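Only one structure is covered here, and it is reproduced in the block below.
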Amino acid sequence: MSESIASYLDRLKALLAKSDPAVLHDALADAEEHLYAALDQAIEEQPGLSEDAALQLIMNEYGRPEEVAAAYRDFEQRFDPASVITRPSAKRSLFPGFTKILGDTRAYAAMIYLLSSGITGIFYGLWFLVGIGLSLYTCILIIGPFVFNLFLRSTQAFALLEGRIVEALLGVRMPRRQATCRETTGWWQGFKTRLTSKRTWTVLSYMALQLPLGCLYLYVFLGLTALAVEMMAQPVFYLFEWPYMVINGALYMAPAWSILPAVLVGFLVLVLTLHLAGFVARLHGAMAKAMLVGE
Amino acid sequence: MKESEAANKKFQKELNAGTVSLILLSILAQADEPMYGYQIAKQVQARAKDIPMIKQGALYPVLRSLEKSGLLASTIEPSVAGPPRRYYSITKTGRNTRSTWVETWNRAKKFVDSIIKGNDYE
């Protein structure tokens, strides 16, 4: 990487250190893309121009890191991209107090995330196992490091994908672009950079963790939702004389008096499940941000 | 002298901030194919000539916000020379919004002109 571009990016990074890591990530990706594209063009148009002289002009036009950082901060304050999922409004909701969550789209989005993480979790977990397994297996061959490097690169793509899902459903601001790792000094240098980056290992841990976590989420939330729905559907069961339980061939019908309490308890379970989903989603969002977003 | 220069700079900056979205939408509306950030910045600069425009680095967050609002769409393509590039193109909503903004801009321009000349705005 060009010395002056690297130092420009470092300055921009320092200035945005206190901003949302995802904004920092976007700002660095934009700057890197622009500076290299401009440098490439400048060298093509004026082959005699030195790289430093060209970059001086380019950076002047792009703006000082202070100006660029200010533009991103300004934009982030005016327009919070993670707020696409509507925040509950202050005006009176259809559902009072404790049951207000029934009208909160975020709780449903969280629920969708938790249920679907059972499937994505299995996928991430399997990819993790296959990747690690293949890397270990090929270790005895000369291509071992190549395979491991390729696997690490693929996990970065998964981190980006998972980040997009987390932002859309959990409303946590995540990066929109993949961190670029320039390999001007060859793949070995890139591999070493990757091995020493903390993020590589946190992303790997996240992928491995998603397998048990996703299954747990799916198990708990599908179970709770099914329980709530079944209890609330008791009047329908009663109407059609369906048994609510079959044990050893004996059908058990719910007595008439139990219908109202069952519906009420089912409703309570549903509301509590949504609250729990919101809570777990907040924790999971914080964890995803800590593990998937990095330098 | 210095004070009036600063005031002038501030005026230009505010004017730029107010029009940059319309400028970017219009450039992409006239483009035949998707453009990446540097191409867009280059075109803004070439057409601004001696008007002091917004710094190129400040165009990128605007492009992102336009995309987030659904007025632009983007795809990432690898590049030979450096990091992957994000190519922007205008969406249908973007074109419709642009037409409305052009009308708004024309009205505002006419109004300001009439004030400057001392005429009544019809």
Side-chain angles (χ1 to χ4, degrees), chain A residues 1-2 5 8-9 12 16 22-23 26-45 57-84 157 160 167 173 176-184, chain B residues 9-10 12-14 16-21 23-24 34-88 93 97:
Chain A
M1 183 184 281
S2 153
I5 293 185
Y8 183 96
L9 294 177
L12 190 57
L16 286 171
V23 174
D26 287 348
L28 290 177
D30 284 341
E32 197 187 0
E33 177 194 317
H34 182 98
L35 298 177
Y36 275 100
L39 182 63
D40 201 42
Q41 184 81 23
I43 289 172
E44 198 173 293
E45 280 171 4
L57 284 170
I58 290 165
M59 285 174 187
N60 187 34
E61 280 169 0
Y62 192 69
R64 286 178 289 117
E66 291 79 14
E67 292 172 295
V68 175
Y72 279 91
R73 270 199 297 265
D74 195 36
F75 149 76
E76 194 66 10
Q77 275 163 9
R78 258 185 300 145
F79 190 93
D80 176 11
S83 66
V84 182
L160 184 71
E167 180 171 330
R173 176 75 166 81
R176 308 239 155 73
R177 323 183 35 153
Q178 192 162 1
T180 48
C181 183
R182 297 177 52 74
E183 291 181 15
T184 43
Chain B
K9 228 174 165 177
K10 184 166 176 278
Q12 180 70 52
K13 199 178 158 194
E14 283 167 1
N16 286 344
T19 49
V20 64
S21 297
I23 291 171
L24 293 178
M35 294 167 82
Y36 57 91
Y38 174 68
Q39 287 178 315
I40 300 170
K42 213 57 203 156
Q43 208 176 112
V44 171
Q45 194 190 32
R47 288 163 75 166
K49 296 201 176 79
D50 51 354
I51 297 175
M53 263 312 288
I54 197 166
K55 283 288 178 193
Q56 291 176 340
L59 293 176
Y60 286 81
V62 182
L63 286 170
R64 283 178 184 279
S65 90
L66 290 173
E67 187 192 3
K68 200 69 205 176
S69 322
L71 306 182
L72 296 182
S74 80
T75 50
I76 298 178
E77 308 268 340
S79 77
V80 195
R85 289 168 182 169
R86 187 173 278 269
Y87 284 80
Y88 289 95
T93 325
T97 308

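Keep in mind that this is a model prediction, so the values were computed, not measured. Chain letters run A, B, ... following the sequence lines, proteins first, then strands; residues in each count from 1.
- Taking CD1 of I58(A) as the reference point, atom CD of Q56(B) lies at 9.0 Å (rounded to 0.5 Å).
- Residue Q39(B) does not touch chain A at all, counting heavy-atom pairs closer than 4.5 Å.
- The most heavy-atom pairs under 4.5 Å with chain B, out of A38(A), G63(A), A27(A), P65(A), come from A38(A).
- Residues N60(A) and K55(B) are in side-chain contact: their nearest non-hydrogen atoms beyond the backbone lie under 4.5 Å apart.
- Evaluation of the side-chain contact (heavy atoms from CB on, under 4.5 Å) rule for K9(B) yields no partner, not counting sequence neighbours.
- Heavy-atom distances place both the backbone and the side chain of E61(A) under 4.5 Å from chain B.
- Most heavy-atom pairs under 4.5 Å with chain A, from the set A58(B), A41(B), G37(B), G57(B): that is G57(B).
- Contacts of Y62(A) classified as ring pair (Phe, Tyr, Trp, His ring centres under 6.0 Å), with partners at least two apart in sequence or in another chain: H34(A), Y60(B).
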